[in-house]
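Here is the structure we will look at.
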Amino acid sequence: MKIALIAHDKMKAEMIDFAIKYKDILKQHELVATGTTGHKVIAATGLNIRCFRSGPLGGDQEIGARVANGDIDLIFFFRDPLTAQPHEPDVSALLRLSDVYKIPLATNSSTAEFIIQTLK
């Protein structure tokens, strides 16, 4: 599967913990990520991840384009629900595209853990 990893700044540590915990499952799949999230996960896990731009610099849109082109099968997007994001329109567009193309999207670690169990 082609899996996208995205995390808002206050959620990056949680994404790293998730990636460490499920490294053996994640390494069996093709991974992409927004820039900062991807580089931090790589540093913590050594996973092979193709990194796009940082979310606020267009990374969310790059992943959205891949969703629209059928190049993403699953998204783990750990969102910070308590902090306004300067690129909220990009975030909303990505969420809308995941719904349009019926791409499973987990916005928190509990949902992500539930979904990743199906990949074992």
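Remember, it's a predicted structure, so these values are computed and weren't measured experimentally.
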Report all side-chain donor-acceptor pairs from residues 17-26 shorter than 3.5 Å, counting only partners two or more places apart or in another chain.
residue, atom, partner, partner atom, Å
Y22, OH, E113, OE1, 3.4
Y22, OH, Q117, NE2, 3.4
K23, NZ, T45, O, 2.8
D24, OD1, K27, NZ, 3.4

| query | Is there side-chain contact between C51 and I42, with at least one heavy-atom pair below 4.5 Å? | reply | yes
| request: Mind checking the CG-CD spacing from L97 to Q61? Nearest 0.5 Å is all I need. | output: 10.0 Å
| said: Assess the residue pair T34 and S54 against the criterion (side chain to side chain contact (heavy atoms under 4.5 Å, CB included)); give the C-alpha distance rounded to whole Å, side-chain angles, the decisive distance to 0.1 Å, and a yes or no. | reply: CA-CA 5 Å; T34 49; S54 172; over 6 Å; no
| task | Would you list the pairs meeting salt bridge (charged side-chain N to carboxylate O under 4.0 Å, His left out) in which at least one residue belongs to residues 38-50, sequence neighbours left out? | result | none
| task | Heavy atoms only: give me the nearest A33-G38 pair and the separation to one decimal. | result | CB-CA, 3.5 Å
Donor-acceptor contacts, no H, no angles, side chain residues 6-14, under 3.5 Å, sequence neighbours left out:
residue, atom, partner, partner atom, Å
H8, ND1, D80, N, 2.9
K10, NZ, T83, OG1, 3.3
K12, NZ, A7, O, 2.4
K12, NZ, T37, OG1, 2.9
E14, OE2, S109, OG, 2.6

| task | Group every Ile, Leu, Val, Met, Phe, Trp and Tyr by side-chain heavy-atom contacts under 4.5 Å, then state whether I63 and Y101 land in the same group. | result | yes
| field | Donor-acceptor pair, side chain of E62 and main chain of R53, under 3.5 angstrom | value | yes
| query | Can you hop from F78 to I49 via hydrophobic side chains spaced under 4.5 Å? | reply | yes
| query | Given the rule that I, L, V, M, F, W and Y join up when any side-chain heavy atoms are under 4.5 Å apart, are I3 and I16 in one cluster? | reply | yes
| said: Applying salt bridge (charged side-chain N to carboxylate O under 4.0 Å, His left out) as the test, list every pair that has at least one member in residues 84-106; sequence neighbours left out. | reply: R79-E88
| request: Hey, could you give me each pair passing ring pair (Phe, Tyr, Trp, His ring centres under 6.0 Å) that has a residue in residues 32-70? Not counting sequence neighbours. | output: none
| request: Name all residues meeting the side-chain contact (heavy atoms from CB on, under 4.5 Å) criterion together with S98; count only those two or more places apart in sequence or in a different chain, and write none if there are none. | output: I75, I103, L105
| message | Could you measure the distance from the CG atom of L74 to the CG atom of L31? Nearest 0.5 Å is fine. | response | 10.0 Å
| Within one Ile-Leu-Val-Met-Phe-Trp-Tyr cluster: L57 and L5, side-chain cutoff 4.5 Å | no
| request: Would you confirm whether D73, through its side chain, and K2, through its main-chain N or O, come within 3.5 Å as a donor-acceptor pair? | output: yes
| query | Between F77 and L94, is a side chain to side chain contact (heavy atoms under 4.5 Å, CB included) present by the stated rule, with each step listed? | reply | CA-CA 10 Å; F77 186 172; L94 178 60; 3.9 Å; yes
| said: Starting from I72, can I reach L47 by hopping between I/L/V/M/F/W/Y residues whose side chains sit under 4.5 Å apart? | reply: no
| request: Kindly say whether V67 contributes a backbone atom to a donor-acceptor pair with the side chain of D71 at under 3.5 angstrom? | output: no
